[in-house]
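Each chain gets a letter, A, B and so on, in the order the sequences are listed, and its residues count up from 1.
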Protein chains: 2
Amino acid sequence: MSAAEDAFIRALSRVLLAMPRAVEHDMARGGLLPLSEYTALMHLSEVQGRTMRMSELASVSNLSLSGMTRIVDRLERRSLVKRVRCDEDGRGWNAVLTDAGFAALTESWPIHLASVRRHVLDHVQGEDLSRLTTVLQRIATDT
Amino acid sequence: MSAAEDAFIRALSRVLLAMPRAVEHDMARGGLLPLSEYTALMHLSEVQGRTMRMSELASVSNLSLSGMTRIVDRLERRSLVKRVRCDEDGRGWNAVLTDAGFAALTESWPIHLASVRRHVLDHVQGEDLSRLTTVLQRIATDT
DNA sequence: GCGATTTGATTGACGCGTCAAGCATTGACC
DNA sequence: GGTCAATGCTTGACGCGTCAATCAAATCGC
């Protein structure tokens, strides 16, 4: 491994560990949703009917199905989401974003955005943004 | 947030979640050290005397001190590291890489390298490597 | 020197996400 | 149409890393 590659991997590792913690911390300080829950609600808010199958939600969130079960459990307990049996398939469940869930999302996103901007986007200028996006997408797709 | 920024953040999030799991998985399949333990041994192997204070090891690994205590506990149980009281400060402990630990590291690194190369480095070509490294270092430093 | 504070590290309790096992429901096949 | 594998999701058990509390050694103030 070349010195440049080594430096890259070390920097990536640090970001991998430290950056999500920093954002998570900002969210917690604001009394807001943890990142995993925020992300789930965000995905729900972006689809027609604010409804997604558990498996689909897990997959777009890059989480195991059982992990998503736990998250929706927590969200449902706080009435931010409700579970509705799936019409076409009696085994399936839909997670549906409630109005309260949408409100929580609305409350959370400015802080989330500010945190992400401060910790990440502020450090990526101009042309780098699109180049890096391409690289990251390739890495993400492969995995 | 612009569409480009949004794409960047989403791609970064996916990499953050998926990539370490992929590498971890490769290590586990080879019956090798988990990433956290691998990293600790690696840091130890790189310093004079293969010795580091717990706090220093935690800090270079971007982990809490108590987290590092657990990791060194596991490593010590398998005799890959030993704890030695610190001379200059009776409260402190040094983690010292043992020969067995060094051997485990030697055994692990080819698979670790191959995994990192396959999942990450193969997707970063030419000039992107240094540009991306700079950005990641800025992000890591800030946090 | 002797209490009071600070510092280095460990421990207890906890939350999170994973895997493997379990439970329904569905769909295929005879 | 009844059995049997496959599918969608949940549950149990577990490992990991965090925070808050704790303990011991060191340092400061007097």
A.B. asks: Rounded to the nearest angstrom, tell me the gap between atom CZ in A:R70 and atom P in C:dA20.
C.D. replies: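 Computing the A:R70:CZ to C:dA20:P distance gives 14 Å.
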
A.B. asks: Quick one: is C:dT10 close enough that its OP1 or OP2 comes under 4.0 Å of any side-chain N or O from B:R83?
C.D. replies: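 Checking B:R83 against C:dT10: at least one side-chain N or O falls below 4.0 Å of OP1 or OP2.
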
A.B. asks: Atom CD of A:E37 to atom P of C:dG15: distance rounded to whole Å?
C.D. replies: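 After rounding, the reported distance stands at 12 Å.
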
A.B. asks: Please state how far atom CG in B:L75 lies from atom P in D:dG15, giving the value in whole angstrom units.
C.D. replies: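 Answer to the nearest Å: 16 Å.
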
A.B. asks: Between protein and nucleotides 24-29 of chain C, what N or O pairs are separated by less than 3.5 Å?
C.D. replies:
| from | atom 1 | to | atom 2 | distance (Å) |
| --- | --- | --- | --- | --- |
| C:dT26 | OP1 | A:G90 | N | 3.1 |

A.B. asks: Quick one: B:L65 CG to C:dT7 C1', roughly how many Å, whole number?
C.D. replies: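 Roughly 11 Å, once rounded to whole Å.
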
A.B. asks: D:dC16, OP1 or OP2 - any side-chain N/O from B:R74 closer than 4.0 Å?
C.D. replies: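 Answer yes for this pair, as a side-chain N or O of B:R74 is under 4.0 Å from OP1 or OP2.
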
A.B. asks: Looking at DNA chain C, which of residues 46-64 of chain B put a heavy atom within less than 4.0 Å of it?
C.D. replies: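 Those residues are B:R53, B:M54, B:S55.
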
A.B. asks: Could you give all pairs that pass the salt bridge (charged side-chain N to carboxylate O under 4.0 Å, His left out) test and reach residues 91-108 of chain A, with sequence neighbours left out?
C.D. replies: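 Listed once each, the pairs are A:D89-A:R91.
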
A.B. asks: Under the criterion side-chain contact (heavy atoms from CB on, under 4.5 Å), which of A:L57, A:T51, A:N94, A:V72 is the partner of A:V81?
C.D. replies: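 Per the side-chain contact (heavy atoms from CB on, under 4.5 Å) rule, the option paired with A:V81 is A:V72, out of A:L57, A:T51, A:N94, A:V72.
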
A.B. asks: Using heavy atoms and a sub-4.0 Å distance, could you list which residues of residues 20-29 of chain B are near DNA chain D? By number, please.
C.D. replies: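 Contacting residues: none.
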
A.B. asks: Would you tell me whether A:D26 and A:H112 have side-chain atoms, one donor and one acceptor, within less than 3.5 Å of each other?
C.D. replies: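 Not at all, the side chains of A:D26 and A:H112 share no donor-acceptor pair under 3.5 Å.
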
A.B. asks: In degrees, rounded to 10°, what is the bend between the two ends of the helix from C:dG1-D:dC30 to C:dC30-D:dG1, using five pairs at each?
C.D. replies: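 Answer for the end axes of this duplex: 10°.
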
A.B. asks: What's the CH2-P distance between A:W93 and D:dT10, to the nearest Å?
C.D. replies: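 Rounding to the nearest Å, CH2 of A:W93 and P of D:dT10 are 8 Å apart.
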
A.B. asks: Distances under 3.5 Å only, N/O to N/O: pair up the protein atoms with those of nucleotides 20-22 of chain D.
C.D. replies:
none

